[in-house]
Protein chains: 4
Amino acid sequence: MEEAPHSDKSGDTVERILCAAAEVFAESGFPGARVDEIARRAGVNKAMLYYHVGDKKDLYEAVIRSIIVETAERLEEEIRQAGTPEDKMRIYMRRFAATLDENPLMPPIMMRELASGGTTLPRSALEGVARVISLIGGILDEGVAKGVFRPINPFLVHMMVAGAFIVYKVAAPVRERAEFIPEEVRRMPRELAGSVLGDVEEMVLRAIRK
Amino acid sequence: MEEAPHSDKSGDTVERILCAAAEVFAESGFPGARVDEIARRAGVNKAMLYYHVGDKKDLYEAVIRSIIVETAERLEEEIRQAGTPEDKMRIYMRRFAATLDENPLMPPIMMRELASGGTTLPRSALEGVARVISLIGGILDEGVAKGVFRPINPFLVHMMVAGAFIVYKVAAPVRERAEFIPEEVRRMPRELAGSVLGDVEEMVLRAIRK
Amino acid sequence: MEEAPHSDKSGDTVERILCAAAEVFAESGFPGARVDEIARRAGVNKAMLYYHVGDKKDLYEAVIRSIIVETAERLEEEIRQAGTPEDKMRIYMRRFAATLDENPLMPPIMMRELASGGTTLPRSALEGVARVISLIGGILDEGVAKGVFRPINPFLVHMMVAGAFIVYKVAAPVRERAEFIPEEVRRMPRELAGSVLGDVEEMVLRAIRK
Amino acid sequence: MEEAPHSDKSGDTVERILCAAAEVFAESGFPGARVDEIARRAGVNKAMLYYHVGDKKDLYEAVIRSIIVETAERLEEEIRQAGTPEDKMRIYMRRFAATLDENPLMPPIMMRELASGGTTLPRSALEGVARVISLIGGILDEGVAKGVFRPINPFLVHMMVAGAFIVYKVAAPVRERAEFIPEEVRRMPRELAGSVLGDVEEMVLRAIRK
DNA sequence: AATGAATGAGGTTTCATTCAT
DNA sequence: AATGAATGAAACCTCATTCAT
């Protein structure tokens, strides 16, 4: 009612474009993505992409920014809460898992970025990751100081957690499609939240506990 | 008689082509790879790719086969050895790590495959992975039977190990380039074999031990 | 009453549009000119060009009309003055030179028109030129009749004068920028009025005097 | 017979491309020229332009080089001949006129270049022009030394001669098409060589003679 | 009178693939 | 077995123009 119809429509268009772009980049990667396809899914004329956002590279950067950077920031905030180091580790894993569950486009995009050596990652994305890692470092240090954790490299821990989560998420379609994979594996949930998260939490905490 | 050197030379050409293709696919993925670039790096005329191997898709499949399938088979063999379930788990992790260290082109290729939902993975590759998982399942079952392991999903374990290893490997260039990442992280070794493997082994075994 | 400032503003807008258009067409020619750029320089929305003047072709014709036709007419008037054939010839050259000095956008536009074979010149422009030539024809005839000029083709004379002037004007930026051109040439004035006009006048009159 | 058929065919293609490009650039200028049209006239696939020469800009530079630079060099050589300063001036004008008659594509291309302020002219083209001007300077100096010429700026002389010639050439189509132009003007020859050259020679020499 | 958003046609360029030799 | 030249489809991008407000 009160919303300015003007800025709404325009903002809407930009948002639709970025969503479509995220989808297509997630499915096909940067070189595989077709600008036409992005326009089609956004339901706009191709020229609008250039009008509102820019060329293919600009679209990609906008997507990365909106997906990776925002995520890193949110994660950062959420970890700051909580009490004991173990709680904090659980929160970190839970929130990261939840983020991946909620943003199914992130995992493929991040994987491809890693696969290209992050050559095209905007600096802000790298910084976000770095902040997350240093946060984990803080938690681990605190745990060590309190005598509950063994000393362990935070980068490794993040690689392990993130690696497992991301790989688990992107492997879901493969797993479900491959008919020669055992039923019990194929029926594993798509969501991390739940048993998978529980298992990983357990494993990771056992791994770092003293 | 004369064919010997001839076919040698030809075999050589095919090998050079496949190496070049593997390199380029690893760097840029399937859609990003340029046939011209593969020819250039192989030092042959572009038409030779079609003459000796086939079109771009054929090149890709040949690379996958030579890299992923062979690897899976070798890994399979090597795990069969050894005694206690713990030993077997260690062997599995060690050999997998060694394979990734020796074939630096595998991790990016596998990551991209996962990111695309394995859409383009030849069936034989999927089967290889499935066999590895069922092997791990066997080891875990044995461990449970012997009362040394907790019951755990073998797929998850593989995701965790493979995820951590692959992500660790592909993250190396990013990690080293990003100047805002802590020195101690940046100086971590490129090789899995060694401390990284040791840490992961320890974590995983703690995670599954009873 | 209220319309006065209104239409003033509007007239202003049209004028700003035409000035901007003339500039851009002079710099880039018809196909090279961008409608966006014209709007930008005029400080108005692109749609205004269509509202006030018309499409790109209409803009161009308006510019030609306002620059070439008006010029031809003014030149025509001014030549009619004066006494002896020599005076008239001098007036013609002086006024033409002055016009070019005052309208720096004309020379490039005229050159491009010529280069395209005048395909896009509106008829009125061609007629203007024709009238100028017939005027020169009249002066030369008079000179011949009075025994002071040799008989000479008026078109040639106009080509020579106009060619020299226009080429001199447009060559100015090139001349000044090219560091390997002799200092004395590079320091020649940008204006025709003055020594350049004097020299040309002298040359042309010597050329046609008996 | 002796020609390598191979290099002939390829060289032929490149030549056909450059000719077509010269034609189209002469007709429409750089921004107006369509790459498709160049390919069509050369009778080759569009991709061949990129294969053999490069992109649109490369095509343009190749054309400029082959047309302007070669011309400047040839002109330079030819002027060196001849005896008295007057002879040399006549040779210069004759050869320049002949060059323009033989290369009908030059005048429009040069005009447009001038109209754009030579912004896109490759350095070699500018240098060619500079050499021609300094040659004329030499002739004029010699004439002054021998007491036959008045001291005059060689750049001006070249602008006058070149301007008149080029303008005359490019004006031909306009002149012939415009029905309201006097018959006697419309029937003037397309060629410079002949009466037009004669008249200009006479005018210029009268203009610079003492 | 003025604007930001939208459109479609068409422009340049690239790329996988094939042909002639 | 090997090459340089050729091709057509399709990719990305731009531009003049119009619409809704």
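Order of the sequence lines sets the chain letters (A, B, ...), proteins ahead of strands, with each chain counted from 1.
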Report summary line: Separation of dA1(F) atom C1' from E15(B) atom CD, nearest Å, is 17 Å
Requested in this report: Take the angle between the ring planes of F30(B) and F25(B) and call it parallel below 30°, perpendicular above 60°, tilted in between.
Outcome: parallel
Report summary line: Closest non-hydrogen atoms of R34(A) and V24(A), given as atom of the first, atom of the second and distance, are N-CG1, 4.1 Å
Query - Sub-4.5 Å side-chain heavy-atom contact between Y51(B) and N45(B) - result: no
Report summary line: Contacts of K46(D) meeting salt bridge (charged side-chain N to carboxylate O under 4.0 Å, His left out) (sequence neighbours excluded), chain-then-number -> D36(D)
Query raised in the report: In whole angstrom, what separates L49(A)'s CG from dT14(F)'s P?
Result: 12 Å
Query raised in the report: Please give, in whole Å, the distance from dA20(E) P to D12(D) CG?
Result: 19 Å
Query raised in the report: Please, what dot-bracket string fits DNA chain F when only Watson-Crick and G-U pairs with both distances under 3.5 Å count, crossing ones use [ ] and pairs to another strand use |?
Result: .||||||||||||||||||||
Requested in this report: Produce a footprint string for nucleotides 7-12 of chain F: one letter per nucleotide, 5' end first; B if the base is under 4.0 Å from any protein heavy atom, S if only the sugar-phosphate is, - if neither.
Outcome: BB-BSS
Query raised in the report: Hey, does the side chain of T13(A) come within less than 4.0 Å of dA5(E)'s phosphate (OP1/OP2), counting only N and O?
Result: no
Query raised in the report: V35(A) versus Y50(A): any side-chain heavy-atom pair under 4.5 Å?
Result: yes
Query - V44(A) to R16(A) - nearest heavy-atom pair and separation - result: CG1-NH2, 3.5 Å
Requested in this report: State, with a plain yes or no, whether a side-chain heavy atom of E27(D) is found less than 4.5 Å away from one of S116(C).
Outcome: no
Report summary line: Closest to the 5' end of DNA chain F, once K57(A) and G54(C) are matched to their nearest nucleotides, is K57(A)
Query raised in the report: Can you find a heavy atom in the side chain of S28(C) that is under 4.5 Å from one in the side chain of E37(C)?
Result: no
Query raised in the report: Can you find a side chain N or O atom of H52(D) that sits less than 4.0 Å from OP1 or OP2 on dA6(F)?
Result: yes
